Amino acid sequence: MPSKRLMGAFAFVDVCLLAAGVILIVFSELWRMPNLMLNFTFSNEMLTGGLVLGIFFLLTFVLSVAAVVQKNHVTTGFVLLNWMLIADAIVDIVVGTMVWFFTLGERAHYFGVYKSLTRDQRIEIQDMYSCCGYFTQNDTVEIGGSFCANTTFVNSLVDPNNTDTFRCVAPLTKFTDFTLNNTFTTIYGFMAIVVALFLTSMCVIKRRQEEERFKKIDAKRGGRGFV
């Protein structure tokens, strides 16, 4: 059997992977629930990507348990685990990069999202951030609510020197940028767990192979061991 210290390290990293999988699945489902700003920020593709990655992590954890309970001379389970971890790494990079990609053109991307909102949702955002419309001189200004109460007030907010003044683009993209940056950073951070589990799995394989080799040598010597 590999040392208790090595197996303890393996178990710790394995539980971390399980926790990461649970976090991904839970938040992917929670953020689908009715919440104006989270629904505005995350597309269905992003949430589905997080869900898929979480499922991959959970399947990897199950495979790791199956690998551990195998007899000491059997390393097939750990070999399969390492291939699964490579798949995890690929999916992790794809999902993280997909979220990161949306941060490159947030103003343009979320303009389309903003236009797809209902009138009541736009008014709620305008009241939330004390802004009127997404960009200056576009048709996304909704008259109503407590802030953009009438056309005269909305027109008085126009600042020719700063087109973002009292427009929703600035606070909205500030929120989406903060949220997306933290999201893809966390997803990329899960790579540390995947790599650590891959390395500890390789160590376990190496240790089991060494012990099995010494057992065979010992058997050839009549079970007398080494002097």
Side-chain angles (χ1 to χ4, degrees), residues 12-61 63-64 81-117 121-122 124-125 128-129 131 133-136 138 140 162-164 167-201:
F12 173 76
V13 180
D14 204 21
V15 171
C16 288
L17 186 73
L18 172 63
V22 171
I23 289 171
L24 285 165
I25 292 174
V26 169
F27 278 93
S28 294
E29 292 304 310
L30 283 178
W31 289 347
R32 292 180 191 272
M33 298 175 66
N35 182 298
L36 180 59
M37 290 310 300
L38 290 178
N39 296 156
F40 179 84
T41 302
F42 292 104
S43 66
N44 185 61
E45 290 77 12
M46 293 183 199
L47 296 177
T48 300
L51 180 63
V52 169
L53 181 58
I55 292 173
F56 263 74
F57 282 179
L58 292 189
L59 291 176
T60 303
F61 175 79
L63 182 57
S64 70
L81 172 62
N82 287 345
W83 281 109
M84 187 68 180
L85 287 168
I86 292 174
D88 288 343
I90 294 173
V91 176
D92 187 281
I93 292 173
V94 169
V95 174
T97 303
M98 178 179 64
V99 177
W100 167 79
F101 180 79
F102 280 95
T103 66
L104 301 180
E106 290 178 69
R107 291 170 69 94
H109 169 71
Y110 285 108
F111 180 42
V113 177
Y114 189 83
K115 289 192 293 184
S116 68
L117 298 178
Q121 289 174 324
R122 291 183 193 175
E124 184 177 347
I125 289 177
M128 183 187 305
Y129 291 112
C131 58
Y134 193 82
F135 287 128
T136 299
N138 62 54
T140 60
N162 186 352
T163 57
D164 285 350
R167 300 299 168 178
C168 298
V169 58
L172 283 176
T173 52
K174 180 180 179 181
F175 177 87
T176 58
D177 188 65
F178 175 82
T179 305
L180 293 180
N181 280 334
N182 279 281
T183 300
F184 80 73
T185 301
T186 301
I187 292 174
Y188 282 148
F190 290 149
M191 275 293 293
I193 300 175
V194 174
V195 172
L197 188 58
F198 181 87
L199 293 177
T200 52
S201 175

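Source: prediction; values computed, not measured.
Using a 4.5 Å cut-off on side-chain heavy atoms (C-beta onward), Tyr110 and Leu172 make no contact. Between Leu51 and Leu24, the closest side-chain pair of non-hydrogen atoms is not below 4.5 Å. Thr140 has its side chain within reach of Phe111: a pair of non-hydrogen atoms, C-beta onward, lies under 4.5 Å apart. Residues Met128 and Leu36 form a side-chain contact, since some pair of their non-hydrogen atoms from C-beta on lies under 4.5 Å apart. Under the 4.5 Å side-chain criterion, counting only non-hydrogen atoms from C-beta, Met84 is in contact with Phe56. No side-chain heavy atom of Thr183 sits under 4.5 Å from any side-chain heavy atom of Trp100. Residues Asp14 and Thr60 have side chains not in contact (no heavy-atom distance under 4.5 Å, counting atoms from C-beta outward). Side chains of Val113 and Glu106 form no contact here, defined as non-hydrogen atoms less than 4.5 Å apart.
The two atoms that bring Cys131 and Arg167 nearest to each other are CB-C, 3.5 Å, heavy atoms only. Of all heavy-atom pairs spanning Ser28 and Gly50, the tightest one is OG-C, 3.3 Å. Nearest heavy-atom pair across Glu45 and Met98 is O-CE, 3.4 Å. Considering every non-hydrogen atom in both Ile193 and Val13, the closest pair reads O-CG1, 3.5 Å.
Taking the ring pair (Phe, Tyr, Trp, His ring centres under 6.0 Å) definition, one finds that Phe198 meets it with nothing, sequence neighbours left out. Residues satisfying the salt bridge (charged side-chain N to carboxylate O under 4.0 Å, His left out) test with Glu124, not counting sequence neighbours, are none.
Only one option out of Thr179, Asn181, Thr173 pairs with Asp177 in a side-chain hydrogen bond (donor to acceptor under 3.5 Å, both in side chains); it is Asn181. Here the rule is ring-ring contact (aromatic ring centres under 6.0 Å, His included) with His109, and of Phe40, Tyr134, Phe102, Phe101 only Phe102 fits it.
Using modelled atom types, one side-chain atom of Ser64 and one backbone atom of Phe61 make a donor-acceptor pair closer than 3.5 Å. Judged by distance alone, the side chain of Arg107 and the main-chain N or O of Ala170 form no donor-acceptor pair under 3.5 Å.
For the atom pair CG of Leu53 and CD1 of Ile90, the computed distance is 12.0 Å after rounding to the nearest 0.5 Å. Distance CG/Asp88 to CG/Leu197: 8.5 Å, rounded to 0.5 Å. In this structure, the separation between CH2 on Trp31 and CG on Leu47 is 8.0 Å, given to the nearest 0.5 Å. The distance from atom CG of Leu81 to atom OG of Ser201, rounded to the nearest 0.5 Å, is 4.5 Å. The structure places CE of Met46 at 11.5 Å from CZ of Phe184, a figure rounded to the nearest 0.5 Å. One distance of note links CZ of Phe42 with OG1 of Thr48; it measures 12.5 Å at 0.5 Å rounding.
Remark: Lys174 is not positioned above the aromatic ring of Phe178, lacking an NZ or CZ atom under 6.0 angstrom from the ring centre and at most 45 degrees off the axis.
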Go through it in stages, so that I can follow the logic: the residues are Tyr188 and Thr97, the test is side chain to side chain donor-acceptor pair (under 3.5 Å), and I'd like the CA-CA distance, side-chain angles, deciding distance and then a yes or no.
CA-CA 9 Å; Tyr188 282 148; Thr97 303; 2.8 Å; yes
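Counted within 6.0 Å of OH on Tyr129, heavy atoms from surrounding residues, nucleotides or ligands total more than 12; the atom is thus considered enclosed.
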